[in-house]
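Here is the structure we will look at, set down as structure tokens.
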Amino acid sequence: MTSKSSMIAEMIPTGEATAILPTGKTSPITVIGTESIRGTFDDLCLQQALNSRLAPGVTELVLNPDAHCGYGAPVGCVMVSPTHIYPGPVGVDIKCSMSLLQLDLPSDAVDDRRTRRALIDAICERTPTGAGKGQRNVSKARKVEVDLGERVVTEGASERVCQELGIPPHWASRCEDAFHGGYRESSDGLRDRLGRLRGQRQLRQFENKISQLGSYGGGNHFGECEVVEIGDDDRARSVAETFGLIDGQVAFLSHCGSRGLGHQLASGQFSSLQAKFHQWGIPLPGGDRQLVYAPLGSPEANAYLDDMALAANFATVNHLLINALVLEAFQEVIPGTQGQLVYFISHNIARQEVVGNVKSWVHRKGATRAMPGGHHALQGTPFEQTGHPILLPGNPRDGSAVMVADAGAEKSCFSVNHGAGRVLGRKRAQRELDQTAIDREFDEHDILSNCRRYPRDEAPAAYKDFDEVLKSVKQAGLASEVARLKARFVIKDASKADD
DNA sequence: ATGTGC
């Protein structure tokens with residue numbers, strides 16, 4: 001163990017800093033952050049970074065500028081292992097992701113507040129918010145029965161699944177991974193796993209979980225209507241064209257994950273692995289039971305990867321269905337509206353990638369994949385020349401960002417942050433932030449919301465300075481900004497705010 | 001994050 005101050009002292013001010021661990025010079029942590037951002041990492045967050053770096057089989061650890069305390073590993077880190085899989089550094093919301101839908105509407109189409117109110121109502125009718133909330137008012141064609149639900153979680157965004165749910169099948173080509181997190185060719189193994197889970201009653205109320213397809217959930221999940229502002233340089237304009245972004249037009253940004261299903265599968269994996277560690281008497285990394293792991297090739301690792309894939313498939317189809325429903329809502333309010341998916345990309349997933357020359361599992365926990373043009377893994381995708389879109393939520397007041405990776409991203413294992421990152425804990429934000437000031441700020445920026453009062457623990461002031469976070473990424477040479485997204489209205493779970 | 005928590 002080392003103190004926060006000695007660890008910080010080793011960091012290089014430009015961002016690509018290295019912290020030396022007590023084990024010696026061979027175990028660096030890569031820290032991305034300007035000086036002021038590095039001041040936002042508290043002791044527990046740094047301790048979690050140390051524990052994760054020192055855990056068995058871990059070869060790389062990157063701490064991102066949006067990092068804060070997480071489950072075993074910090075939210076906002078990348079952890080690499082060629083030999084072990086770690087459920088904690090994937091997180092409890094498996095394949096929590098961002099998606100962006102570009103609409104063919106000029107920004108003035110959403111200037112009128114009544115139009116925006118109508119859009120909020122039409123979207124909320126189709127995509128409920130809140131824990132436990134599932135679909136409502138769904139047309140019979142979109143009602144997801146159990147047999148279709150089984151195909152959703154075992155096939156992901158297959159052509160057949162997309163067709164049956166009214167999702168344009170070509171949107172699958174705009175997904176970081178359209179199925180399984182890309183780790184298993186066939187769905188048969190997943191069908192076996194699903195059957196076993198349900199047979200052993202380890203996956204309860206599957207019908208209920210499946211009914212949550214097309215819903216946002218709560219917490220920091222949201223849907224947000226945006227106006228696209230493409231950066232004022234040639235590269236931004238050219239990359240934006242490949243991404244399908246249109247300057248001055250309306251877009252819709254969504255943040256959600258695998259809902260109750262992912263939560264249930266992740267929790268089940270934590271408890272079964274913790275029981276095995278206890279039974280076998282294996283030491284926990286850093287003494288933290290949230291850092292349980294399984295060696296690759298073991299039955300435990302395979303079971304985890306199967307469950308991760310089931311949840312990942314749910315999250316993928318959930319996002320695509322939400323985007324289809326949002327487009328339908330726009331078409332109801334503004335007939336003739338067309339929309340194209342820009343991209344769907346996760347920030348809570350483990351993927352198999354080559355790091356250095358070693359095939360490894362890259363755990364991104366609150367971190368976004370960032371592969372630049374020319375990266376071998378992008379061959380055959382629409383983004384092999386430019387690099388893929390990176391979707392980063394900021395906050396409604398300051399906007400969100402679309403970025404593209406640069407060559408420097410290799411030093412962060414081809415990853416960037418996943419947003420602004422919390423600076424105030426939820427309870428502290430609830431206690432300290434002023435509701436009237438928050439609501440006034442939204443009024444001043446003419447941002448509408450479905451919430452009568454915006455949740456205080458989700459207010460912009462509860463998060464780090466987004467510009468400083470982006471500056472950290474740019475200064476370290478990881479990625480460049482392509483566009484800013486400026487909020488016009490926000491859809492969030494209001495149940496905790498209406499007190 | 002969550003069939004929501006001090």
Given the side-chain rings of His84(A) and His363(A), with only the six-membered ring counted for Trp, is the space between their centroids under 6.0 Å? no
Gap between atoms [atom1] and [atom2], on [X] and [N] respectively (whole Å):
| X | N | atom1 | atom2 | result |
| --- | --- | --- | --- | --- |
| Lys427(A) | dT4(B) | NZ | P | 17 Å |
| Arg426(A) | dT4(B) | CZ | C1' | 11 Å |
| His255(A) | dT2(B) | NE2 | P | 10 Å |
| Asp493(A) | dG3(B) | CG | P | 11 Å |
| Asn318(A) | dT2(B) | CG | C1' | 14 Å |
| Arg259(A) | dT4(B) | CZ | C1' | 11 Å |
| Glu458(A) | dT4(B) | CD | P | 19 Å |
| Gln430(A) | dC6(B) | CD | P | 12 Å |

Parallel, tilted or perpendicular: ring planes of Tyr86(A) versus Tyr293(A), cut at 30 and 60 degrees: tilted
Give Gly218(A) one of three labels, base, sugar-phosphate or nothing, depending on what nucleic acid heavy atoms sit under 4.0 Å from its own. sugar-phosphate
Which nucleotide in the list dC6(B), dG3(B), dT2(B) gets nearest to the side chain of Gln205(A)? dG3(B)
Presence of Gln212(A) side-chain N/O under 4.0 Å of dT2(B) phosphate oxygens OP1/OP2: no
Inter- and intrachain pairs under side-chain hydrogen bond (donor to acceptor under 3.5 Å, both in side chains), touching residues 389-400 of chain A, at least two apart: Asn395(A)-Asp398(A), Arg397(A)-Glu441(A)
The residue, Gly219(A) or Ala131(A), whose nearest nucleotide of DNA chain B is more 5′ is Gly219(A)
By the salt bridge (charged side-chain N to carboxylate O under 4.0 Å, His left out) test, which pairs, at least two apart or in different chains, include something from residues 211-228 of chain A? none
